Amino acid sequence: MTFAELRDFLASTMRMSHIYQPLLIKSLIESGGISTIRQLAANFLASDESQILYYEKRLKEMPIKVLSKHGIIARDGELVSLKVRKMTLEQKAEIKKLCEQKIQEFIVSRGLSTWDYRLLDDTAVSDVLRYQVLKEAKGRCALCGITIDDKPLDIDHIIPKAKGGKTVYENLQVLCSTCNRTKRDTDDTDFRKIIAEDYKEDCIFCKKSRGGKILHENDYAFATLDGYPVSEGHTLIIPKRHFSDYFDITQKEHIAVHDIIRIRRKELLRSDSSIEGFNTGANSGEVAGQTIWHCHIHLIPRRKGDTLNPRGGVRGVIPHRMNY
Ligand SMILES: [Zn+2]
Ligand SMILES: [Zn+2]
Ligand SMILES: [Zn+2]
């Protein structure tokens, strides 16, 4: 590549979605045309204003305060100085060595949590986790079903990180780029108003949605343990909006309920190896056995031997028809 080609690329060909590309080229120029990825990352960090602001704040809140109190350093506005002014080279080396030793000891005892790994979170889905999630999804988008051959697939947090969703196996799913974008762009403000307006004071599930023991939740649904469990871990997944009939569920709620069912299922399977299957379903209408008039879906873990003859499963709602 010639100088002119590089200049043309920068001036007209380059399409930027962030400052990364010119920053990388600039860093390479500054380091004589070649650099390690680690050094490049350090240069990126030095240009990341949000990180600099973050450490300015940390510095003021913590070590500057403490060390000033002990008379070790002095702060004058934006300037910070060590109070011991005169030291020999040997003395400086000794202090530096002591500092490094203290840092090492601390990192050994605390592990990597010494540093704030928050910012890594975006990509912190480890390769192992990514593989697990993709494998489970059989290479398909969880929303539209498109395969990895047709579209790039992302690992998505089912409950978004911004809403407290964790980067753990249970909370991860595979989405195609289109579904991921749609999910992100959805504005849920109106729906929250509907949920608030439909709230019923005397409904135990409406009450639970605001102050009960909630296992998992997203904008439209939540999970809680059944008060009269059919088996250990029996969970109810409940839309937040008050309505009685399962068939009045909206698509948004359906997706939300399904998301929570999947999270809870994975959680149960992980925490209890005796679980080998599930029954899931809803009772719609009094003749079908519904007793609480706020729609809910049962997720019932099943274990070998929990009933004499499990054959037929949900067919058992009409007991003499269960065995066929
Ligand atoms: Zn999709
Ligand atoms: Zn209700
Ligand atoms: Zn029920």
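Note that the structure is a prediction, hence the values are computed from the model and not measured. Note that ligands are numbered from 1 as they come in the structure, with each ligand's atoms numbered from 1 the same way.
For the pair Lys266 and Tyr169, the cation-pi criterion (under 6.0 Å, within 45° of the ring axis) is fulfilled. Remark: Arg58 is not positioned above the aromatic ring of Tyr55, lacking an NZ or CZ atom under 6.0 angstrom from the ring centre and at most 45 degrees off the axis. Within the cation-pi definition used here (under 6.0 Å to the ring centroid, within 45° of the axis), Arg302 does not qualify as a partner of Phe278.
Annotation: protein N, O or S atoms under 2.8 Å of the Zn ion (ligand 2) (waters excluded) comprise Cys203 SG, Cys206 SG, His242 ND1, His294 ND1.
Judged by distance alone, the side chains of Lys151 and Thr178 do bring a donor and an acceptor atom under 3.5 Å apart.
Here the angle at the Zn ion (ligand 1) defined by SG in Cys144 and SG in Cys176 stands at 110°, rounded to 10 degrees.
In the displayed structure, Lys65 atom NZ is contacted under 6.0 Å by at most 12 heavy atoms of other residues, nucleotides or ligands.
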Notebook entry, point to check: Taking it one step at a time, do His296 and Phe205 satisfy ring-ring contact (aromatic ring centres under 6.0 Å, His included)?
Noted result: CA-CA 9 Å; His296 56 281; Phe205 287 169; 5.1 Å; yes

